[in-house]
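A short worksheet on the structure shown next.
Source: prediction; values computed, not measured. Only this structure's heavy atoms are used, side chains among them; waters, hydrogens and symmetry mates stay out. Sequence lines set the chain letters: A, B, ... in the order given, protein chains first and strands last, and positions in each chain run from 1.
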Amino acid sequence: MSVVARMLDRAPRPGSAEGLRVLSASGQLGNGVPEPALKAGLARNPHVIGCDMGSVDPGPAYLGAGRMATSETVTRRDLRLVIHGARQVGVPLLIGSAGTAGAAPHVQQVLAMIRAIAKEDGLSLKVAVIHADIDAAWLKGMVASQRVRAIGAAIPPLTAEEIDASAHIVGQMGTEAFLRALALEPDIILAGRACDTAIFAAVPLLLGYPAGPATHMAKIIECTSLCCVPGGRDAMLGTLQGDGFELESMNPARAATPVSVAAHSLYEQADPLAVQEPDGTLHVAAARFEALDARRVRVSGATWEEARQPTIKLEGAAWCGERAVCLAATADPSVIANRDLITEGVATLVREILGPVEYDLRFRSYGAGASVLFPGAATGIADPGEVFFLIEAIAPTADIAKAVVGVAKQAMLHFGFPGRLSTGGNLAFPFTPPEIVAGPAYRFSVYHVTECDDLASAFPVELVTVAG
Amino acid sequence: MADAQSRRLVDLAQVIRSKNAGPLHLTLDIMFPDAASYGLAVQSPALSRDAIARLYNVRAETVEVIPFAAANAIKVVMDRPVIAGSPGDTDVYGAQQHRPLLGITL
């Protein structure tokens, strides 16, 4: 009997006093799953285990380059823990946003790790792989028929050129894709880019639980114990009764309180009261948060509004050059006071030397507001006593990028300015060489929403058997 | 608690944080320990849309202030001037953009 069939057999349906136990083992699989809390969660005999593996937070490089943000060693450790955990209790394991960004190379890397674990540990596993790569030709058609819109003002409307420029474009799949994968009765679902909620809401929906509370619970537990005080990465148990759910961290030191759980709705969310999913919107304005005891909360009242038109949130990243940096600092008050004049002068000198080559040169003056995102914001940062310069170049080749920061470094070291005393050199280098080739640079080229009339063809499922 | 000494936001709030909500938006969360301090903050002109826009030197149309009573919290959503991680970005996670709030008096 498959673990899915067994789950369907034994899992309580809506209205039962027992409730459906959904264990969130990790909100960032690959960063180190705390083992004691996972074990405590397994001891509660969950009906399904979910893990989120991805995020858009670490920036465009991972999606663009097809690399994972987490280390191979820890990712493999975490995968092994949850695979054996799910087998121990005999339940399906759902993994979403494989390998950080959830594009084809990320999915393949994680699948290869699962394969290696199966081989090393002598396991036979059925893995339903759900692909999240968006077909460029289809997407261009959607752009042409004006069915794609930007998610924010910072990105221009999507064009066919930007689609072609993108190294990878993924769509965030919803519960629809997970439900199709569950129908294949796998041991593991390995999904490409997925809505965090879909990982944890799919099984409740399969069992007939109402989408409002199921999605709300999923939204909270996808970050494991981050909704607790103190917040953390320990496994979180959600017990869904139908009209509401109970939350409990599997680390006894972490408490879910009505305020801590409500506050979590704010986290990384542009609108705390409405969460957009591919097939509808979760409304949490009417949610009630009640303490069951000092560290458990019951939540109810969220509602679900079915979308008339299904949509997919798209993420794409494009290569924009090779990056090199140079690290240097100054403690000289005159250099600090004249830093803008110096960097502008250096930029001119670099342009004279490099000639009509395409590059992007940037001086970041740390200690003097280099981390400020909004120019002119009232930060109150005072005149610094010491400044760290990060000289950055992005150019078509690593050689050019390195040449740009190298020339800039030398010009800045000896740049003359009125009142200069530091004729031995304007800069202190922490080590040599201070120039570092930093690898390919990427940017988010796609962060849009497309309408989609056929979610099933956007996210195809493939059943793979891996055996030891 | 509402005397002159304790109307500084850093003294009243429990959490003052910033973070991206996706690569195109930055959010500021200001969380208060109780309904009283939250109430004070919600009514304060210092946390109005216009005041936040002035503080960050951006247009008011790019700022949204969302009070969230259930968590004794106020959320601010702003358009990022640079897409997270693109050339010229200064803070990929957007986690260090709360500093202008630290100087506010309600």
Side-chain angles (χ1 to χ4, degrees), chain A residues 55-64 150-155 258-273 284-289 313 315 317-318 320-321 323 360 362 364 369-381 392 394 441-445 447-448, chain B residues 14-15 17-35 52-59 61-62 64 66-75 77-104:
Chain A
S55 173
V56 79
D57 285 353
Y62 304 99
L63 176 58
I151 293 171
I155 204 160
V259 170
S260 77
V261 171
H264 184 69
S265 310
L266 297 173
Y267 190 65
E268 295 179 340
Q269 201 51 44
D271 183 349
L273 303 179
V284 302
R288 290 178 300 281
F289 305 87
K313 195 166 170 178
E315 299 163 358
C320 53
R323 176 180 276 123
D360 189 5
R362 194 169 282 110
R364 303 172 184 258
S371 59
V372 177
L373 179 59
F374 298 90
T379 58
I381 293 175
E392 178 193 16
I394 299 174
Y442 289 88
R443 62 182 172 85
F444 281 117
S445 47
Y447 200 70
H448 296 74
Chain B
Q14 206 165 33
V15 171
R17 69 184 182 193
S18 75
K19 185 80 196 275
N20 292 347
L24 309 184
H25 294 107
L26 184 96
T27 67
L28 305 166
D29 295 341
I30 310 163
M31 301 169 160
F32 298 89
D34 48 50
I52 299 280
R54 273 196 303 277
L55 202 59
Y56 281 84
N57 194 34
V58 296
R59 288 181 299 114
E61 307 89 82
T62 66
E64 199 182 347
I66 307 169
F68 191 40
N72 294 325
I74 296 173
K75 183 164 201 82
V77 185
M78 301 196 287
D79 288 338
R80 284 182 62 107
V82 182
I83 300 171
S86 281
D89 186 18
T90 63
D91 185 356
V92 173
Y93 288 69
Q96 286 294 303
Q97 302 309 316
H98 55 295
R99 179 162 169 149
L101 298 176
L102 305 180
I104 288 184

Interface residue of largest heavy-atom contact number with chain B, from Ala441(A), Gly376(A), Ser260(A), under 4.5 Å: Gly376(A)
Contacts of type side-chain contact (heavy atoms from CB on, under 4.5 Å), residue Asn57(B), not counting sequence neighbours: none
Distance in Å, Thr90(B) OG1 paired with Arg362(A) CZ, rounded so as to fall on 0.5 Å steps: 10.5 Å
Largest heavy-atom contact set with chain B, pairs under 4.5 Å, which of Ser55(A), Pro375(A), Gly59(A): Pro375(A)
Heavy-atom pair with the smallest gap, counting every atom of Arg80(B) and Ala154(A): O-CB, 3.4 Å
Residue, of Ala153(A), Ala378(A), Ala287(A), that accumulates the most heavy atom pairs under 4.5 Å with chain B: Ala378(A)
Verdict with supporting geometry, Lys19(B) and Asp57(A), salt bridge (Lys or Arg N to Asp or Glu O under 4.0 Å): CA-CA 9 Å; Lys19(B) 185 80 196 275; Asp57(A) 285 353; 3.1 Å; yes
Under 4.5 Å from a heavy atom of chain B, the part of Arg288(A) involved: neither
Interatomic distance, Phe444(A) atom CZ to Ile83(B) atom CD1 [nearest 0.5 angstrom]: 9.0 Å
Structural part of Val92(B) lying under 4.5 Å from a heavy atom of chain A: both
Partner chain A: residue of Gly85(B), Gly103(B), Pro81(B) with the largest heavy-atom pair count (under 4.5 Å): Pro81(B)
Heavy-atom check, side chain of Pro58(A) versus side chain of Tyr93(B), under 4.5 Å: yes
Distance, nearest 0.5 Å, that separates NE2 of His25(B) from OH of Tyr447(A): 9.0 Å
Test item: Pro87(B) and Ile394(A) side chains (from C-beta on) under 4.5 Å apart, heavy atoms: yes
Under 4.5 Å from a heavy atom of chain A, the part of Asp79(B) involved: both
Ile155(A) versus chain B, the contacting section by heavy-atom distance below 4.5 Å: both
Candidate pair Phe374(A) and Leu55(B), rule side chain to side chain contact (heavy atoms under 4.5 Å, CB included), full reasoning: CA-CA 10 Å; Phe374(A) 298 90; Leu55(B) 202 59; over 6 Å; no
Structural part of Tyr56(B) lying under 4.5 Å from a heavy atom of chain A: both
Heavy-atom closest contact (Pro23(B) atom, Val56(A) atom, distance): CD-CG1, 4.0 Å
Side chain / backbone / both / neither for Arg17(B) at chain A, heavy atoms under 4.5 Å: side chain
Minimum side-chain heavy-atom gap Ser86(B)-Pro60(A) below 4.5 Å: no
Rounded distance (nearest 0.5 Å) linking atom CG of Leu273(A) with atom CD1 of Ile66(B): 7.0 Å
Distance, nearest 0.5 Å, that separates OG1 of Thr379(A) from CG of Leu101(B): 12.0 Å
Selection from Arg364(A), His264(A), Arg443(A) maximising heavy-atom pairs under 4.5 Å formed with chain B: Arg364(A)
Residue, of Val58(B), Thr27(B), Asp89(B), Leu102(B), that accumulates the most heavy atom pairs under 4.5 Å with chain A: Asp89(B)
Interatomic distance, Gln97(B) atom CD to Leu373(A) atom CG [nearest 0.5 angstrom]: 4.5 Å
Distance-minimising heavy-atom pair for Ala262(A) and Ala70(B): CB-O, 3.6 Å
Proximal component of Ala370(A), with respect to chain B [non-hydrogen, under 4.5 Å]: backbone
